[in-house]
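Input: a single structure, listed below in structure tokens.
Lettering follows sequence order; numbering is per chain, from 1. For the numbers below, each heavy atom of this structure counts, side chains included, while hydrogens, waters and symmetry mates do not.
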Protein chains: 2
Amino acid sequence: MRDLAPIAKAPSLVDQVCSQLAARLHPSVPPSPSPHSPHTPHSPQSPPPSRLPSERTLASQLGVSRSVLREAIKKLELQGLLEIHQGRGTKIVSQLQKPLTAALSLLVPDPSSRLAQLFEIRLLLEPESARLAALRASPTHLQKLDASLHALRTAPSLEAAIHADLDFHRILADASGNKILLLIIESLADLLAASHGKGFQSMSTARSADMHETILHAIRHRDDSAAETAMQEHLLAARAALGLPPSP
Amino acid sequence: MRDLAPIAKAPSLVDQVCSQLAARLHPSVPPSPSPHSPHTPHSPQSPPPSRLPSERTLASQLGVSRSVLREAIKKLELQGLLEIHQGRGTKIVSQLQKPLTAALSLLVPDPSSRLAQLFEIRLLLEPESARLAALRASPTHLQKLDASLHALRTAPSLEAAIHADLDFHRILADASGNKILLLIIESLADLLAASHGKGFQSMSTARSADMHETILHAIRHRDDSAAETAMQEHLLAARAALGLPPSP
DNA sequence: CAAACAAAAGTGGTCAGACCATCATTCCAG
DNA sequence: CTGGAATGATGGTCTGACCACTTTTGTTTG
């Protein structure tokens, strides 16, 4: 009868395993080139330990049954931290936007109205994303943006062009420094990509690249206001090209 | 060799069960009084069938093992469609913002910087939410907003005040008509609520209620511009009261 | 009779071991 | 050297049992 004040209920076994696994996952992903990097110095050809041991192995390591370990892994997969492939093992990834993407697909099943609502949100978030990027973008970000722009101009296929296009927006959101903003925009990008190739035409690659260049130019010169405006115009043009109605 | 064009892989059993359950969830209320209805015809007082049969029952109904059924249920729980309670059964709910909330908690573990980024996003989304609400709010929405305002003014405790406050914002987002906007704002509200009571002080209830009233007044008069501005000022004041830095 | 306690039933949580489906590798025949 | 057939490894599914928690029920007790 010692502990009565804290109504802390013991977390379920699955949750405990989840926490342990999550703790083992995070420290491996972040790009922290700390001088340590002491782990796994024995494997000369597995750059990122981006794979999880087999279920049976992990289960016995953690001292739980395979059922529990499986449920924990499934949970982490739903959260976008793992990718399970039958026969191939479980990879460690970092796609936290996946849960949001799934929820939005479920929330607005109709692709057309989903696209319309998507652009309403993009028009709110991305101009600010561009503005913040103009203020905060690092040299690395500028370099990546340039590479993305080049990839868009030289895209060999429509699919590649779409990928490069959305990548530009992702890098921009990353440069904004707001991680929540990044996550939401990444999710919107996922949904956009899923909508393409389903009868939805986008604007020409060349025109899109031009607008990206305008945005990038503004960011290079730290002109946050111009970047914001350019992004807004870009999105308005993209929405119009999709045949979607303007905002009220 | 018939189907070769669509590389549609057969979905796993768990996914199939997920789909079946999801289909059974949405139209949970709708009139599907199939002539069968063999189960529990003896309970005359269970108004909403907001509960799922037991795992063993469901598993045999769907013709799958309990393991598969469990994994499917867990998946739906993570998506915010179910709530599992040991010994009490599984309830049907609809909280699609839960996955996003979880992802954001994981993405920005530090409550302080999370709150800062949260307000950056709120300042982008909620003024537009208020603007759209001014254009689209139905009489029912106005009524709910009024009730929420009254609840805020007469809140007996700080906790109740916070709940009423966030509820106002939720109703507003609902009135905006953009479901994606609603989902994101609901998630932000969840995180806000979780942050309160952890050393974070908010502005006084009376002042908050006054600002809500200003917003509601603008919405009643369909003055979208005024509603947008009032919401922006409300959020700026709330952020300042929290001691957070202004946007760059 | 009513309230309090104890037993029973129902629920999700965990475990163990087995077998199936899919993928990667290895190895042998050509 | 190439191709495909065995082999191994991995995740997917099944079964049945037992544990932990909650609700209901039934009895006991005041």
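Under 3.5 Å, the side chain of A:R56 and the base of C:dG17 form no donor-acceptor pair of N or O atoms.
Between A:L58 atom CG and D:dT10 atom C1' the separation is 13 Å, expressed in whole Å. As a whole-Å value, the separation of B:R66 CZ from D:dA17 C1' is 10 Å. The interatomic distance linking B:E83 (CD) with C:dG12 (P) rounds to 14 Å, in whole Å. The distance from atom CG of A:L69 to atom C1' of C:dG13 is 15 Å, rounded to the nearest whole Å. For the pair A:E55 CD and C:dA16 P, the computed distance is 15 Å after rounding to whole Å. Between the CZ atom of A:R51 and the C1' atom of D:dG11 there is a distance of 11 Å, given to the nearest Å. Put simply, NZ on B:K91 is 22 Å from P on C:dG10, counting in whole angstrom units. C:dC15 atom C1' lies 15 Å from atom CG of A:L62, rounded to whole Å.
Within a 6.0 Å sphere centred on NZ of A:K144, heavy atoms belonging to other residues, nucleotides or ligands number 12 at most. The local environment of NE2 in A:H141 is crowded, with over 12 non-hydrogen atoms from other residues, nucleotides or ligands closer than 6.0 Å.
A distance-only check finds a donor-acceptor pair linking the side chain of A:Q117 to the backbone of B:K179 [under 3.5 Å]. Using modelled atom types, one side-chain atom of B:T101 and one backbone atom of B:Q97 make a donor-acceptor pair closer than 3.5 Å.
The side chain of A:V14 lies closest to C:dT14 when the candidates are C:dT14, C:dA24, D:dG11.
Where A:S12 and B:T57 meet DNA chain C, the nucleotide closest to each residue was compared, and B:T57 sits on the side nearer the 5' end. For A:Q86 and B:I84, each mapped to the nucleotide of DNA chain C holding its nearest heavy atom, the one lying further toward the 5' end belongs to B:I84.
An OP1 or OP2 oxygen of C:dG13 is reached within less than 4.0 angstrom by a side-chain nitrogen or oxygen of B:R70. Using a 4.0 Å cut-off, no side-chain N or O of A:T90 falls inside it from OP1 or OP2 of D:dT10.
Contact annotation for B:S67: base contact, defined as any heavy-atom pair under 4.0 Å involving a base atom.
Here B:S113 contributes atom OG and B:L118 contributes atom CG; the two are 10.0 Å apart, rounded to the nearest 0.5 Å.
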